[in-house]
There are 2 protein chains.
Amino acid sequence: MKPLNINDIAKAAGVGKSTVSRVLQGQNHVSPDARARIESTIRELGYQPNMVASGLRKRRIQTIGLIIPDISNPFFPEITLGVQQVADERGYAVLLANSGWSNDREEDLVALAQRQRLDGMIINPVHISLAALRAFGHSVVVIGTRAAYREFDAVGSNTAESVQLALAHLHALGHIHILALPGPRGQDSTRNREAAIYTAMQARPDKLPQIHYCEFTKSGGYDAVAALLSLTPRPTAVLCGNDLIAIGMLAGLRERGITVPGQISVVGIDDIELASVCCPTLTTVHKPKREMGMTAANMLIDRIEGNIQSPPQMKKMSTHLVIRESTAAVGISSG
Amino acid sequence: MKPLNINDIAKAAGVGKSTVSRVLQGQNHVSPDARARIESTIRELGYQPNMVASGLRKRRIQTIGLIIPDISNPFFPEITLGVQQVADERGYAVLLANSGWSNDREEDLVALAQRQRLDGMIINPVHISLAALRAFGHSVVVIGTRAAYREFDAVGSNTAESVQLALAHLHALGHIHILALPGPRGQDSTRNREAAIYTAMQARPDKLPQIHYCEFTKSGGYDAVAALLSLTPRPTAVLCGNDLIAIGMLAGLRERGITVPGQISVVGIDDIELASVCCPTLTTVHKPKREMGMTAANMLIDRIEGNIQSPPQMKKMSTHLVIRESTAAVGISSG
DNA sequence: TTGTATGCGTTATCAG
DNA sequence: CTGATAACGCATACAA
């Protein structure tokens, strides 16, 4: 019924509980003889130390939180996998939570993490306030490159580079009239993409892409087709804020009989698995999602364990273009 | 530095710590006056109770474990979302871990869950032994319909029904020579699918599908194309153990210039999001993944909270066929 | 209704 | 090298 505790082991092994505790923690000031006896009784009895108790005492529960918007968005499982791999290797468990893109839920989750006394937290913030994040009181690593959070460690991909790569590709193909779907209006990651567009277009400000806002989802891209078709002159290419938007757009275009890349080229960002399977396969900018997760976890645990005292740093992972079937030179109206 | 504790609040509010504890737990034996004072000081000071300490005392940490093979397999995020939604509503956090289809890792993770004194666990078992699962010592809900685990609560989809639906569909289209890819050899879920095939074919044992084993992955399906092509007479349809296999197969067939569904029909199982986006879109058997997760979480928490004393039950969620583009009548060789 | 004392299972301090 | 003993922060039986 009640699980074994350290006293049971101590008694069974004929030693004091402190000695048991010592071998449990791998300390060296314990005689080989005692150690052997203790280890064998632990194994025989199948004792599993209570991490809750030790967590209370040590103020460390070997668990970190990971707060993401939505695990069913294919971008995040890869991040998660990277985080878990490193966490696991370094002896931490991962508590996963979805904020559902909601500010209230983000703040609730951080408060929960605080009550749970998690050792640290990795968060892909959507709206959460700095105050709420600070209140957590432990180490935090942010996923993303938003300036607002620069007081925390962060890891993100190079948005400027991504957008630059995508636009350069379209330009090289001769596209002048481009529609950009940077994301939902009023979200920081949307603004980041917009800023990147402006930067990339500094040389030819007259050719700035049209901007249309939509959710980071398939249906967001699907619905954007209407906006696309209402523009004159009609854009010959679409730069999508992420692959899901792009895939929704592909579906919408196909339904209307518009060929890709014949009549319109589509490029995404993220390079999720879907991108290599959809039809046509999607030209997109690859983000090293798994590495981002691993890096975030390493940064966080380094902080937790005090290996780093330096000021917060931001790691921008570089991206690269993956050319597939959804883009072609303008005017090649194979459709 | 050190977070506030219940004593700080008691002192600041001019009451005993037990009274604070009472309002924290929403007990009613406390004067409105004291309650008001305590609540306001809690809010003012931003106190967050330490769940580690209360967990140690109450032997409940309001956290459940979820062990799945691989979160990057699109089947599992949906399950996860269902689990998290219910867990959240009922006041539990979810600790997520990937077993990576490895037996050792499964057992390690269960042992970890035990050390962490999780209140319960939902697991999609791959190889783990009953002994290891029993050793956990708390409530367990299994995802899947494997007979070996019937001593635990379980929720799964009706495999017999899924396979039956898929085969009936192919038969209705006139397919006689069918290749089945039930999964990797020696895994229980593979055996389940095989058994379902035999059951479904009881009426015409002479027309039993050929069986070929492969991993539950895209590359598993991709590689299986070679096996398919080596058969004589060549099958006109393939029943895949899951959608990933099917999608890999689609890719492999396309590479070899074999048209789907013109020359070969392909049907999957799961109905992951990819299935509606790949090319051609995939006919498949829909599983209510989200509901499965929700059901599992509800069953688990009911057990944890003692709402259920009945013997372990198995809930089989029913499935339905989703007909898309990858299947057609035999002989319609549009390719 | 409220406060006091004790224990939850570990770890850390400190003599021995 | 080892074993008592006191925290860790909270919940609860019991007393007031």
Side-chain angles (χ1 to χ4, degrees), chain A residues 1-39 41-42 45-63 91 112 114-119 137-138, chain B residues 1-39 41-42 45-63 91 112 114-119 137-138:
Chain A
M1 172 64 230
K2 216 166 87 176
L4 294 170
N5 66 29
I6 200 172
N7 261 317
D8 301 324
I9 303 302
K11 222 164 292 175
V15 297
K17 55 197 284 196
S18 343
T19 308
V20 177
S21 177
R22 285 187 189 100
V23 332
L24 246 34
Q25 303 179 65
Q27 295 186 10
N28 33 6
H29 288 252
V30 49
S31 72
D33 174 49
R35 177 184 303 272
R37 240 182 17 260
I38 292 173
E39 282 176 343
T41 70
I42 285 182
L45 276 56
Y47 165 65
Q48 298 280 18
N50 183 331
M51 292 183 66
V52 179
S54 108
L56 173 60
R57 180 62 228 239
K58 296 210 289 193
R59 301 202 156 100
R60 281 267 194 89
I61 58 175
Q62 300 299 108
T63 302
L112 175 61
Q114 199 179 345
R115 286 194 296 273
Q116 295 178 128
R117 297 298 191 267
L118 299 187
D119 301 330
H138 296 269
Chain B
M1 170 67 229
K2 216 167 88 176
L4 295 169
N5 65 30
I6 201 172
N7 260 317
D8 301 323
I9 304 301
K11 223 165 293 176
V15 298
K17 54 197 282 194
S18 23
T19 308
V20 177
S21 178
R22 286 186 189 101
V23 332
L24 246 33
Q25 303 179 64
Q27 294 186 13
N28 34 6
H29 288 251
V30 49
S31 72
D33 174 48
R35 177 183 303 271
R37 236 177 27 256
I38 292 173
E39 282 176 343
T41 71
I42 285 182
L45 276 56
Y47 166 64
Q48 298 279 19
N50 184 332
M51 291 182 67
V52 178
S54 96
L56 174 59
R57 179 61 227 248
K58 296 210 290 195
R59 291 145 187 279
R60 281 265 193 90
I61 58 173
Q62 301 299 109
T63 302
L112 175 61
Q114 198 180 344
R115 285 193 297 273
Q116 296 179 128
R117 299 298 192 266
L118 299 187
D119 301 331
H138 296 268

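Protein chains get the first letters and strands the later ones, always in sequence-line order, with residue 1 at the start of each. Just the heavy atoms: all of them, side chains too, but no hydrogens, waters or symmetry mates, feed the values below.
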Please work out which residues in residues 2-18 of chain B have a non-hydrogen atom less than 4.0 Å from an atom of DNA chain C and list them by number.
B/Val15, B/Gly16, B/Ser18

Members of residues 26-37 of chain A that approach DNA chain D, where some heavy atom sits under 4.0 Å away:
A/His29, A/Val30, A/Ser31, A/Ala34

Polar side-chain atom of A/Asn5 near backbone of A/Asp8 as donor-acceptor pair, under 3.5 Å
yes

Would A/Gln116 and B/Thr63 count as a side-chain contact (heavy atoms from CB on, under 4.5 Å) if you check the C-alpha gap in whole Å, the side-chain angles of each, and the deciding distance to 0.1 Å?
CA-CA 10 Å; A/Gln116 295 178 128; B/Thr63 302; 3.9 Å; yes

Between A/Gln114 (CD) and D/dG9 (C1'), how many Å, whole number?
15 Å

Chain B contact limits on DNA chain C, taken 5' to 3' with a cut-off of 4.0 angstrom to heavy atoms:
C/dT1 to C/dG9

Euclidean distance, atom CD1 of residue B/Ile61 to atom C1' of D/dG9 [Å, nearest integer]:
16 Å

For the atom pair CD1 (B/Ile61) and CG (B/Asp119), what is the distance rounded to the nearest 0.5 Å?
5.5 Å

Residues that A/Ser21 engages under side-chain hydrogen bond (donor to acceptor under 3.5 Å, both in side chains), provided they are two or more places apart:
A/Gln25

Going through the distances and angles, do A/Ile42 and A/Leu24 end up as a side-chain contact (heavy atoms from CB on, under 4.5 Å)?
CA-CA 10 Å; A/Ile42 285 182; A/Leu24 246 34; 3.4 Å; yes

Is there a donor on the side chain of A/Arg22 or the base of D/dG3 sitting less than 3.5 Å from an acceptor on the other?
yes

Which pairs would a plain distance check flag for residues 47-55 of chain B, meaning a side-chain donor or acceptor within less than 3.5 Å of a matching protein atom at least two apart in sequence or in another chain?
from: B/Gln48; atom 1: OE1; to: A/Arg115; atom 2: NH1; distance (Å): 3.2
from: B/Asn50; atom 1: OD1; to: B/Val52; atom 2: N; distance (Å): 2.7
from: B/Asn50; atom 1: OD1; to: B/Ala53; atom 2: N; distance (Å): 3.1

List for me each residue that meets side chain to side chain contact (heavy atoms under 4.5 Å, CB included) alongside B/Arg59, sequence neighbours excluded, and say none if there are none.
A/Lys2, A/Pro3

Let me check the geometry of the helix from C/dT1-D/dA16 to C/dG16-D/dC1. What is the bend angle between the axes at its two ends, five pairs each, to 10°?
40°

What's the separation between atom NE2 in A/His138 and atom CD in A/Gln114, rounded to the nearest 0.5 Å?
7.0 Å

For A/Ser18, which residues count as a side chain to side chain contact (heavy atoms under 4.5 Å, CB included) partner, sequence neighbours excluded?
A/Arg22

Once rounded to the nearest 0.5 Å, what's the spacing between atom CZ of A/Arg35 and atom OG1 of A/Thr19?
10.5 Å

Exercise: identify the closest heavy-atom pair between A/Thr41 and A/Ala12
CG2-O, 4.4 Å

With sequence neighbours left out, the residues meeting salt bridge (Lys or Arg N to Asp or Glu O under 4.0 Å) with B/Arg37 are B/Asp33

Residues of residues 47-60 of chain A with a heavy atom under 4.0 Å from any atom of DNA chain C, listed by number, are A/Tyr47, A/Pro49, A/Asn50, A/Ala53, A/Ser54, A/Arg57, A/Lys58

